[in-house]
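One structure is given below, encoded as C-alpha cells.
Chain A is the first sequence line, chain B the second, and so forth, proteins listed ahead of strands; every chain is numbered from 1.
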Amino acid sequence: MFIGHFTERPYQDPESGYFGATGRSITDLTMSNASYDPKLGARLYNRYLDEKIYAEEMGFDGLMLNEHHSTPFCMGGVMNLEAAILARITHKSKIVLLGNILPIWDDPLFLAEELAEIDMISEGRLVTGWVRGTGRESVAHNAVAPYNWERFQEAHDFIIDAWTRPGPFRWEGEHYHFRYVNPWARPYQDPHPPIWIPGVMSRNTVAWAAEKRYPYVMLATELEPTKESYAYYTEVAKEHGYETGTQHRGYLFKVHVDETEELAEQAGRKFVQGPSNPFLEGNQGVVRPFIQNLPGLTQRNNLLPTMRSFAAAASRGRVAQHKSETKKPTEQKKPEKFDTYVDQTKKYSIISGTPKTVIPKVKHVLETLRPGSIFFWDGDGAMSHEDSMRSLRLMGSDVIPAVREIADELELKSPFEVDPKTNQRIVDSNTSDSPDNSSESESP
Amino acid sequence: MQGSSEFEQLQITIPTGDVAYIKAGHGEPVVYLHHSWGSPGALPFHHNLIATGFSTTIPDMPGWGGSTRPVWARDVRDIAILIGIAIDTLGLGPVTLIGAGFGGYVAAELATMSPSRIARLVLMGAVGLYPDEGEILDQMMLSHRQYIQESFRDRQTYVEHFGEEPDAQIRTLWDLSREMTARVSWKPYMHNRRLQHLLPNVTCPSLIVYGEKDKVAPRSLAQQFEKILPNAKLELVPNAGHLVEFEEPKVVADLVCEHMRRCS
C-alpha cells in the first residue's frame with residue numbers, strides 16, 4: 001500500500017469576504033487578481049511546504065501536488081516549483097505530481113527538463129502524472145480546446161522520447177516541432193519516473209492509461225462509480241492482454257483526523273468552506289459550464305460512470321449530461337434542510353473523526369475499491385494550519401500504521417511493490433537476493 | 001426559418017469532402033457565407049435578393065452544418081481555400097461574395113487570394129482584422145445563448161428569431177459550430193494580423209455594412225476595412241446589431257442590390 005497526502009493549497013483570505021461558511025461564492029474565472037495579496041501568498045506557500053515536510057515525518061509515502069490556473073482554490077499554478085523545493089527539503093517520500101496539464105504546454109521540452117531536474121534533485125523520488133485539464137486551464141493558458149486530447153498524447157510521446165532516446169533528434173509532429181531535442185538533463189530513474197494518470201470522468205483517458213498500463217488514480221469520486229470506472233480499466237486491460245491488480249488502481253479521498261469527534265466535525269465542515277472549489281462538493285461556487293466544457297475539449301458522449309455524481313459533473317461543466325444520466329429526478333431531490341457535510345460523510349466522500357472512527361471507514365473504502373495507492377485529501381477549504389497539523393500528527397501515530405495493517409490483510413499492493421507494467425513483484429534489493437517472478441493480478 | 005422551402009437542398013463533393021448548400025433564384029450569382037454559429041438557412045434577407053433577380057447560394061462552410069469537417073484545418077485561410085474550391089466546383093464565379101461576421105473574415109481571406117472568383121465583396125459585421133479600438137466579443141467566454149443574444153440589437157429580437165428556449169437542433173448546431181470555430185480561430189481569436197497587408201490588393205468593389213449597435217464586432221473594424229480596401233463603401237445600419245441581415249433584411253438587401261447595380 002502506498003499512502004500519500006494531498007491538499008489543494010487554497011488561497012485562504014478571510015478578509016476578502018469570499019471565504020468561510022457564510023462567505024460569498026466565487027463565479028469561476030471571474031475573480032480579479034487585483035485583490036491578491038502576495039504577503040498572504042508567501043505565508044500560505046510556506047505553510048503548505050511546512051505541512052508537506054511534517055507529512056513526510058509522519059510516515060506518508062507520497063506528497064501529492066496538483067495544478068490549476070487563475071483560481072483561488074489552488075495555488076499550484078507552478079506545481080513543478082513546489083516539487084523542486086520538496087525535492088531538496090524532504091528525504092524519503094515520493095513527490096507525486098497529479099498532474100501536469102500537458103495540452104497547455106506549448107514547449108513540452110521545458111517540462112521534460114523540469115521533471116528530469118526534480119527527479120535528479122530528489123534522487124529518484126518523482127512520480128509524474130499527466131492530465132488534460134479542465135476548460136479553466138485551456139482558457140488561462142489559451143490552449144486550443146479542440147486539440148486538447150491530440151496535444152496530450154503527442155506531448156506524452158514527445159516527453160518519453162526526450163527522456164529515453166539519445167539526442168540530438170528532430171521532432172516534427174502535428175502540434176509540436178523541435179529541430180534539436182537534446183536536453184542536458186535526464187531523469188534519475190531508469191528509464192524514467194513512474195507515470196500515474198489521475199482523472200475523474202473521461203473514458204478516453206482511462207482507456208489510454210489502461211492501454212499503457214499506467215496506474216489510474218480516481219480523484220475523490222464516489223465509491224460505486226469509481227468501482228465501475230476501475231472495471232472499465234480492467235475491461236480495456238483484458239483487451240490488451242493483461243489482468244489488472246491493485247497496483248493499477250489509485251484513489252484520492254477526503255480524510256481528516258482529530259483529537260475529539262467535536263473537533264473533527266468542526267474541522268471536517270471546513271472542507272465545504274473556504275474559497276469556492278468546483279472539485280469540493282458543497283462549495284463549488286458558480287461553475288460556468290460553457291467554460292469548463294469548452295468546445296471539443298472532450299467527446300460529449302464518452303464519459304465514465306462518475307458522471308452520475310453531481311459534484312464531478314458540475315466540476316467539469318457537465319450538468320446537462322448528469323441530468324440525462326440520472327434516472328429519476330426525485331432521486332436527486334435534496335431534503336429541505338440539506339446538510340452537504342452530513343450527506344458527504346454518509347457516502348464516504350468526507351471521512352472525519354478520531355482515529356477510532358476514521359480507521360473503520362478507511363477500511364470500508366479499501367475493501368470496496370481495493371486500490372494499491374491512496375491519498376488522504378486534507379487541510380483544504382477553510383482548514384487552518386493547526387487543523388492540518390493535528391490531523392497529520394494523528395495520521396502518523398494511529399491511522400497510517402493501522403491502514404498499512406489493513407492493506408496487508410487485504411493484499412493491496414502498490415506500484416512500488418508490484419510493477420504495473422509486468423505484474424511482477426518488485427524485489428527490494430536490500431532484503432532479497434533472488435527475484436520473485438510470481439504474477440500479481442486480480443479482478444476488482 | 002420562413003420561406004426556406006423555395007431553396008433546394010444540395011450537395012457537392014470536393015476532394016476534401018462534401019459541401020452542403022442551399023440554392024434558389026436566377027440571375028447573377030451571390031454566395032453568402034454564414035456566421036461562426038452556422039448557417040441560418042434562408043432568411044428574409046436572402047429572399048429579398050432572389051426577388052431582385054439574383055441567384056443565391058448558401059453553403060455550410062466546410063466543418064459546419066452538413067459539410068464534412070476538414071479535421072486538418074488549422075486556420076481560417078484553410079476554410080477560405082475550400083470555399084474557393086467549392087465556388088469553382090459549382091461553376092459560379094465570378095460571384096458577389098457576402099460574408100457575415102466570421103463569414104466576412106473567410107470572405108476577406110478568399111478575396112486576397114482569388115480576385116478572379118469575386119466580382120464584388122460584401123462584408124457584413126465582418127471580423128478578421130484586429131480592431132484599432134475595442135475587442136471582438138469572445139464567444140468562448142459566453143454561453144451559446146448569451147453570445148447569440150449579444151449578436152442581436154436587443155433581447156426581444158433574439159426571442160423573435162430563436163424563441164425563449166432554442167430547440168435542440170439549434171443548440172446542437174451552435175455547439176458543433178463553436179467547436180469548428182475554435183479549431184480554426186481560437187487564437188488569434190477572430191483575426192489575422194497578416195490580412196491587413198494583403199487586403200490593399202483586393203480591388204473589386206466592396207461594400208462594408210455594420211449595424212450601429214453591433215456588440216460583437218467593434219465599429220473601428222468597419223472603418224479599418226473601409227480604409228484598407230481600395231474600392232470600398234461603408235454603410236452603417238441604424239438600429240441594427242451584429243446580425244444586420246437578420247434585423248434589417250430589407251434595408252440590407254437594398255444596400256447589397258444597390259451595390260451590385262452600381263458596380264455592374
- Could you check B/W174, B/F102, B/W37 and say which one makes a ring pair (Phe, Tyr, Trp, His ring centres under 6.0 Å) with B/W64? B/F102

- Item | SB check B/E133 B/R219 (cutoff 4.0 Å) |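 Looking at B/R219 together with B/E133, the answer is no, because their closest N to O distance does not fall below 4.0 Å.
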
- Message: Less than 4.0 angstrom from a charged side-chain N to a carboxylate O is my criterion; do B/D78 and B/R183 meet it?
- Response: no

- Query: Do we see a donor-acceptor contact under 3.5 Å between the side chains of B/H35 and B/E245?
  - Reply: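 Yes - a donor-acceptor pair under 3.5 Å links their side chains.
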
- Contact listing (chain B partner; residues 139-147 of chain A; heavy atom under 4.5 Å):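 Heavy-atom contacts from residues 139-147 of chain A to chain B are A/V139, A/N142, A/A143, A/V144, A/A145, A/P146, A/Y147.
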
- Near B/E165 CD, under 6.0 Å, is it more than 12 heavy atoms from other residues, nucleotides or ligands?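 Yes, CD of B/E165 has more than 12 neighbouring heavy atoms, counting only those of other groups under 6.0 Å.
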
- Task: Decide if the gap between the ring center of A/F279 and the ring center of A/H68 is smaller than 6.0 angstrom.
- Result: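 When the ring centroids of A/F279 and A/H68 are compared, they turn out to be within the sub-6.0 Å range.
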
- Note on the structure: Answer key: most heavy-atom pairs under 4.5 Å with chain A among B/M180, B/M140, B/R178 is B/R178

